[in-house]
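Notes to accompany the following structure.
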Amino acid sequence: MNQILSTSMPKDDGRNRNKKDWNKKAKEPKIKSDKPRNTKPVAIGSIIKFFAIVILLFGISIIGIGGYSIYNSQNDKKEENLQPTISIENKDERTILLKVTHTKNIAKVEYGWNQEEKLVVNGNNGKYLEKEIKIPSGTNTLRVLIVDENGTVVPYEKQYQVESNINFEVSGNKIKITYNGDKQISYMTYRWNEEEETRIDINGTTIEQEIEAIKGMNSLTVEVVDEDNNIDTKVQKINGVSKPKLEITVDEQKEHFIIITSDDEKLARIEFRLDEDDNKLYELNIEEMDLKELEYILPMAFEEGENLIEVTVFNSNGVSEQTEAMFIKH
C-alpha cells in the first residue's frame with residue numbers, strides 16, 4: 001500500500017510544547033497594569049507624619065517650659081543676691097557700728113532693742129548707711145529692719161550681753177540710781193523715752209542719785225561716763241505712779257487742822273504726828289472706803305502755844321506724800 005507522506009506542519013494546540021517553552025513563558029515579565037494603586041498605605045503614612053509633628057511640638061513645648069523654669073529660677077537666685085549686706089563692728093565694749101550695703105536704694109533702716117519702739121534712720125535712697133548704736137546692759141536683742149526703694153523689708157537681729165554696774169531701785173514714784181566703779185566718774189545722764197537727757201556731774205567712784213518717775217510705763221536710759229570716756233548704759237522699763245496730793249489748813253474757828261488729800265487712783269491711809277511726839281502718832285485707814293478725795297478735820301483742838309502737825313498720805317500703790325504745818329494759838 002502506498003504510504004502518503006504529509007508535508008504539512010501539525011497544528012500547535014499547545015500540547016506539543018516542550019518543557020523548555022513552558023519555562024520561557026513563566027519567566028516572561030509581568031505587564032504593568034493601568035489600574036490605580038491601593039490608597040491604604042498612603043493614609044497610614046499621613047497619620048504617622050501627623051503624630052510625628054504632634055510629638056515634635058510637644059517636645060518643643062516641654063523644652064520651652066523647662067527653659068522658662070530655669071530662667072525664673074535664675075531670676076530668683078539673682079533676687080536673692082540682691083539682698084542687702086549687713087555687718088556690725090564693735091567700736092568698744094558698749095558701742096557698735098551698724099553698716100548696711102545694698103545694690104538697691106535704701107529707703108530707711110529701723111532699729112531697736114528687744115520689743116521697744118524702733119528708731120528710724122533715713123536712707124536718703126543711697127546704697128550705703130551706717131549708724132552708731134549704744135549697747136544697753138544685760139542681755140538684749142538688737143532688731144533691725146532694712147527697707148529698700150521698692151518697699152521690700154529685710155529683717156536682721158543679733159543678741160548682745162553686757163554687764164552693768166548701774167542699778168535701779170524703784171519705790172513708788174521714786175527711782176534710786178546707784179553705781180559702783182573703779183575709776184573716777186565724770187558725769188551721768190538720764191532720760192525718759194526719747195526726751196532730752198539730764199546731766200549730773202559726779203566727782204567720785206560711786207553714784208547714789210534719786211529721781212522722780214513719770215506716771216505710766218516708760219523707758220529710763222541712764223549713762224555713766226568715767227574719766228577715760230568709758231560709757232556704762234542701762235535701759236529699763238519702769239511703771240511710774242503719781243504721788244497723792246496733800247494740803248493742810250485750819251478751820252474757820254481756828255481750833256482744828258483740816259487735812260485735804262486726793263489721788264488719781266485710790267487713797268489708802270493717812271498718818272499724822274503731833275508736836276514731833278511719837279506718842280502722838282495716829283493712823284487713819286481709809287482703803288476700804290475706796291476714796292480718791294478726802295477732807296478730814298482732826299478732832300483734837302489746838303492747845304496754847306505752838307501746834308505742829310506732820311502728815312503722810314499713802315495711795316493704793318504705796319506711794320506717799322508728806323507735809324507739815326504749824327499753828328500758834330495765843
Side-chain angles (χ1 to χ4, degrees), residues 86-100 109-122 129-145 156-243 317-322:
I86 304 167
S87 63
I88 295 180
E89 296 180 3
N90 293 324
K91 294 195 69 175
D92 54 49
E93 292 182 356
R94 298 186 175 274
T95 308
I96 57 175
L97 185 63
L98 172 67
K99 295 182 178 181
V100 180
V109 172
E110 300 180 6
Y111 71 93
W113 292 100
N114 306 317
Q115 302 301 325
E116 295 180 4
E117 186 176 354
K118 291 182 175 59
L119 302 176
V120 180
V121 181
N122 194 335
L129 181 147
E130 66 177 41
K131 178 64 179 177
E132 190 175 289
I133 302 174
K134 297 292 184 182
I135 308 174
S137 300
T139 301
N140 300 279
T141 301
L142 176 65
R143 303 184 189 277
V144 181
L145 295 177
Y156 173 86
E157 65 180 48
K158 187 174 181 180
Q159 191 177 79
Y160 291 86
Q161 187 170 4
V162 178
E163 296 297 327
S164 175
N165 291 324
I166 303 173
N167 293 295
F168 297 152
E169 295 179 18
V170 183
S171 177
N173 73 320
K174 297 286 187 180
I175 296 99
K176 187 177 182 181
I177 303 169
T178 59
Y179 178 88
N180 291 306
D182 298 328
K183 296 182 179 181
Q184 190 78 3
I185 303 168
S186 299
Y187 62 91
M188 67 162 280
T189 64
Y190 72 90
R191 73 172 186 271
W192 291 101
N193 305 317
E194 296 306 316
E195 296 180 359
E196 186 176 353
E197 65 183 18
T198 299
R199 171 171 169 154
I200 301 174
D201 291 328
I202 308 292
N203 292 313
T205 59
T206 62
I207 296 175
E208 190 171 318
Q209 182 71 40
E210 190 176 69
I211 63 174
E212 286 196 10
I214 299 177
K215 185 180 178 182
M217 187 66 71
N218 296 278
S219 178
L220 175 63
T221 302
V222 175
E223 290 187 352
V224 176
V225 183
D226 66 20
E227 57 185 353
D228 294 331
N229 285 327
N230 295 316
I231 302 174
D232 191 347
T233 306
K234 185 168 185 177
V235 181
Q236 183 175 317
K237 288 281 188 180
I238 293 177
N239 188 14
V241 294
S242 61
K243 296 190 300 183
N317 293 311
V319 181
S320 64
E321 176 68 316
Q322 186 180 78

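Residues: numbered from 1 along the sequence shown. Just so we're clear, the structure is a prediction, and the values are computed from it rather than from any experiment.
- Using a 4.5 Å heavy-atom threshold, the side chains of Leu142 and Ile96 count as touching.
- Salt bridge Arg199/Asp201: present, at least one basic N to carboxylate O contact under 4.0 Å.
- Within a 6.0 Å sphere centred on CD of Glu208, other residues, nucleotides and ligands contribute 12 heavy atoms or fewer.
- In Asp182, the CG atom is not crowded: 12 or fewer heavy atoms of neighbouring residues, nucleotides or ligands sit closer than 6.0 Å.
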**Item:** Evaluation steps, side chain to side chain contact (heavy atoms under 4.5 Å, CB included), between Val120 and Asn122
**Value:** CA-CA 6 Å; Val120 180; Asn122 194 335; 6.0 Å; no

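- Nearest heavy-atom pair, Lys134 versus Ile231, reported as atom, atom and distance to 0.1 Å: NZ-CD1, 3.2 Å.
- Annotation for Gly240 and Ala213: closest pair CA-CB, 3.9 Å, computed over non-hydrogen atoms.
- Asn317 places no side-chain N or O within 3.5 Å of a backbone atom of Val319 that could act as its donor or acceptor partner.
- Note that the CG atom of Asp226 and the OH atom of Tyr187 stand 10.0 Å from one another [nearest 0.5 Å].
- In this structure, the side chains of Ile133 and Lys131 come closer than 4.5 Å at one or more pairs of heavy atoms.
- Side-chain atoms of Asn165 and Val224, non-hydrogen and from C-beta on, never get closer than 4.5 Å to each other.
- Between the side chain of Lys234 and the backbone N or O of Ile166 there is at least one donor-acceptor pair closer than 3.5 Å.
- Side-chain contact between Val109 and Leu98 is present, with at least one heavy-atom pair separated by less than 4.5 Å.
- Here CG of Asn114 is found 10.0 Å from NZ of Lys237. Values are rounded to the nearest 0.5 Å.
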**Asked** Thr205 and Gln184: side chain to side chain contact (heavy atoms under 4.5 Å, CB included), yes or no, with the steps?
**Response** CA-CA 5 Å; Thr205 59; Gln184 190 78 3; 4.2 Å; yes

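- A heavy-atom distance below 4.5 Å is found between the side chains of Ile175 and Ile211.
- Surrounding CD of Gln159 are more than 12 heavy atoms belonging to other residues, nucleotides or ligands, all under 6.0 Å away.
- A salt bridge is absent between Lys176 and Glu210: the closest approach of a Lys/Arg side-chain nitrogen to an acidic carboxylate oxygen does not fall below 4.0 angstrom.
- For the residue pair Gln236 and Phe168, the shortest heavy atom distance occurs at OE1-CD1, 3.4 Å.
- Legend: residues meeting ring pair (Phe, Tyr, Trp, His ring centres under 6.0 Å) with Tyr111, ordered by chain and number and at least two apart, are absent.
- Taken from CD1 in Ile177 to CE in Met188, the straight-line distance is 4.0 Å, to the nearest 0.5 Å.
- The CG atom of Asn230 sits 9.5 Å away from the OG1 atom of Thr95 when rounded to the nearest 0.5 Å.
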Return all side-chain donor-acceptor pairs below 3.5 angstrom for residues 216-223, not counting sequence neighbours, or 'none' if the list is empty.
unit_1	atom_1	unit_2	atom_2	d
Asn218	OD1	Asn193	ND2	3.0
Asn218	ND2	Ile214	O	3.3
Asn218	ND2	Lys215	O	3.2
Asn218	ND2	Gly216	O	3.1

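- Using a 4.0 Å cut-off between charged nitrogen and carboxylate oxygen, Glu227 and Lys183 do not count as a salt-bridge pair.
- For Trp113, the ring pair (Phe, Tyr, Trp, His ring centres under 6.0 Å) criterion is met by Tyr160, not counting sequence neighbours.
- One finds the CG atom of Asn167 at 11.0 Å from the CD1 atom of Ile207 (value rounded to the nearest 0.5 Å).
- Between Glu197 atom CD and Glu194 atom CD the span is 11.0 Å, to the nearest 0.5 Å.
- Here the shortest heavy-atom pairing between Thr233 and Ile135 reads CB-O, 4.0 Å.
- Between Arg143 and Glu116, every side-chain heavy-atom pair lies at or beyond the 4.5 Å cut-off.
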